[in-house]
Amino acid sequence: GAGVSQSPRYKVAKRGQDVALRCDPISGHVSLFWYQQALGQGPEFLTYFQNEAQLDKSGLPSDRFFAERPEGSVSTLKIQRTQQEDSAVYLCASSLASQGARKLFFGSGTQLSVL
Amino acid sequence: AQKVTQAQTEISVVEKEDVTLDCVYETRDTTYYLFWYKQPPSGELVFLIRRNSFDEQNEISGRYSWNFQKSTSSFNFTITASQVVDSAVYFCALSGGTYSGGGADGLTFGKGTHLIIQP
């Protein structure tokens, strides 16, 4: 597709379950970002890839959060043993390259609800 | 650390009124970029504008205009003759790389301003 695609659009999990959120960036985009957006708040940075290399994971809130991008295209954000505070919209974004702050293209997000 | 402040949580105006959304930022980077994004109910963040720290010219695009003032660390956004379709949450964001996550392209967002345009 032409834009950033995320799936599933909605995910309901029971507390303690593991979840996996998928992001398909725009073809050819080198950089990929994950953001977490709590209700009524702005997106907050989680982690960043350049191709398959995870260059920054300083925003991941705990070791229950894990992200990968093994072939430098599709990325998966995994949350283990989900907690209620993990409920949020998870946004994926991609950009052409890390030079000169090119604009980020965002997907529509995955809304995670942990019961 | 970088910080973006959008003091207006919610603004409600009647259609055709002009409205200004405020944005104040803090950064220690000497080179940085400022952005505005629109988030409609569908959830996707839509890029509106990018400005680099060396370009203080105001910009106009149709009914939208942006006022960048480095002296006051502000990057305000004005919608002229607002329309119902402008209703959304608007985010101001800052990138620079040194003090934010995600390298040069990583963004620090404000909390957003929910704009409601009433018919």
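Within every chain, numbering begins at 1; the chains are lettered A, B, ... in the order of the sequence lines, protein sequences first and strands thereafter.
A distance-only check finds a donor-acceptor pair linking the side chain of Tyr37(B) to the backbone of Leu104(A) [under 3.5 Å].
Proximity of the aromatic rings of Phe47(B) and Phe106(A) is defined here by a centroid distance below 6.0 angstrom, and this criterion is not met.
Contacts of residues 7-16 of chain A with chain B at a heavy-atom distance below 4.5 Å involve Arg9(A), listed in sequence order.
If you chain together hydrophobic residues whose side chains sit under 4.5 Å apart, Phe33(A) and Leu45(B) fall into the same group. At a threshold of 4.5 Å between side-chain heavy atoms, the hydrophobic network of Ile, Leu, Val, Met, Phe, Trp and Tyr places Ile79(B) and Phe68(B) in one connected group. In the hydrophobic cluster analysis, where Ile, Leu, Val, Met, Phe, Trp and Tyr join through side-chain heavy atoms closer than 4.5 angstrom, Val89(A) is grouped apart from Phe65(A). By the criterion of side-chain heavy atoms lying less than 4.5 angstrom apart, applied directly or through intervening Ile, Leu, Val, Met, Phe, Trp or Tyr residues, Ile49(B) is grouped together with Leu21(B) in one hydrophobic cluster.
Counted within 6.0 Å of CD on Glu44(B), heavy atoms from surrounding residues, nucleotides or ligands total more than 12; the atom is thus considered enclosed. When the shell of 6.0 Å around CD of Glu85(A) is examined, it contains more than 12 heavy atoms from other residues, nucleotides or ligands. Counting non-hydrogen atoms of other residues, nucleotides and ligands closer than 6.0 Å to NZ of Lys111(B) gives a total of 12 or fewer. The number of heavy-atom neighbours closer than 6.0 Å to NZ of Lys78(A), taken from other residues, nucleotides and ligands shown, is 12 or below. For Ile60(B), the CD1 atom sits in a loose shell: 12 or fewer heavy atoms of surrounding residues, nucleotides or ligands are nearer than 6.0 Å.
For a residue to count as touching a neighbouring chain, one of its non-hydrogen atoms must lie under 4.5 Å from one of that chain's; by this rule Leu91(A) touches chain B with the side chain only. Contact annotation for Gln6(B): neither backbone nor side-chain heavy atoms come within less than 4.5 Å of a heavy atom of chain A. Only the side chain of Gln37(A) comes within contact range of chain B, with heavy atoms under 4.5 Å apart.
When all heavy atoms of Lys103(A) and Arg50(B) are compared, the pair lying nearest together is N-NH1, 3.8 Å.
A 4.5 Å side-chain heavy-atom check between Phe109(B) and Phe45(A) finds every atom pair outside the cut-off.
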